[in-house]
2 protein chains.
Amino acid sequence: MDQRQALIAFGALSQETRLHIVRMLVVSGPDGMAAGAIAEKAEVSPSNISFHLKELERSGLIAQQRESRSIIYTANYEALGGLVRFLMEDCCSGHPEICAPAAEVAACCTPKMKEKLQ
Amino acid sequence: MDQRQALIAFGALSQETRLHIVRMLVVSGPDGMAAGAIAEKAEVSPSNISFHLKELERSGLIAQQRESRSIIYTANYEALGGLVRFLMEDCCSGHPEICAPAAEVAACCTPKMKEKLQ
DNA sequence: TCCATATTTCAATAATCCTTGAATCATTGA
DNA sequence: TCAATGATTCAAGGATTATTGAAATATGGA
């Protein structure tokens, strides 16, 4: 993830509806969610959700694929990981005080890490 | 860091000049930089830098303190770490695929981690 | 083909954000 | 006190982003 993409991604996450969408798609995993289902859960109009989904896709944080009549959106884990990495490494120069709390979280989430850190 | 603050912080980082400011302040450490010095390095006008510094301070990512005639800005490591944590934990539900790359970065930056992971 | 469903696009408006330059405020030293 | 320095505030304008509802597009089934 380069700076240009990171700027767009930060902008994408700076809007409540869009942050909500990303959270839902991360949880829903590889199956993703249809645009309509997202709109319903987020309680926004179809045209509005479409606007925000487009913005998120432009940022690379989510991807779409048509499935029959529905358009299924999924979280792009690689891009999200890339953004975390950008924030820690590029933006914060890998500063220990900033990265340490992140390391804790990472340890809790990645089984291998957890093992080694015990 | 709660969602409200995270939204503001993401917005703060979504602007090129402000991202540049944060990077400079992280590098400059606890000594920080005076507003004028920041403006000069970022090549923007005093009033414009003031606008962006205010926005960053509102986000909590930087702090200010007067020192004689100058106003010194410093990066808020705690807030930056909190944002990384929010992105990994709250926003991305601690998803391993997203957190793994972050763990690598963290390992490189925090001496204790590095030791344990070798 | 025709209709229903799922979604996007478009145009208009509202809201927010960014930039600029002039004016103002705070601090220090002569 | 006065002038100089360092920085902020303010108002105006331009640019971008968000919301809305109506119209258009794509797909699948009767």
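Sequence lines set the chain letters: A, B, ... in the order given, protein chains first and strands last, and positions in each chain run from 1. As a basis for the values below, the full set of heavy atoms in this structure was taken, side chains included, without hydrogen atoms, waters or symmetry mates. Values in this document were obtained by computation on a predicted structure and should not be read as measured data.
The CD1-C1' distance, from I49(A) to dA6(C), rounds to 14 Å in whole Å. L53(B) has its CG atom 11 Å from the P atom of dT9(D), to the nearest Å. A straight line from OH of Y73(B) to P of dG6(D) spans 15 Å, rounded to a whole angstrom. Separating the CG atom of N48(B) from the C1' atom of dT20(C) is a distance of 8 Å, rounded to the nearest angstrom. In this structure, the CD1 atom of I71(A) is 7 Å from the C1' atom of dT8(C), given to the nearest Å. Computed from coordinates, the I72(A) CD1 to dT27(D) P distance equals 14 Å when rounded to whole Å. One atom, NZ of K54(B), and another, C1' of dC18(C), lie 13 Å apart when rounded to the nearest Å. One atom, CD of E43(B), and another, P of dT20(C), lie 13 Å apart when rounded to the nearest Å.
Residue V44(A) forms a side chain to side chain contact (heavy atoms under 4.5 Å, CB included) with just one option from I21(A), I49(A), I38(A), and that option is I49(A).
For E57(A), the CD atom sits in a packed shell: over 12 heavy atoms of surrounding residues, nucleotides or ligands are nearer than 6.0 Å.
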Item to complete: Would you give a per-nucleotide map of nucleotides 22-28 of chain C, 5' to 3', where B means the base has a protein non-hydrogen atom under 4.0 Å away, S means only the sugar-phosphate does, and - means neither?
Response: B----BB

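Near DNA chain C, defined here as any heavy-atom distance below 4.0 Å, the residues from residues 4-34 of chain B are Q15(B), R18(B), listed numerically.
Considering all non-hydrogen atoms of both residues, Y77(B) and G29(B) come closest at OH-CA, 3.3 Å.
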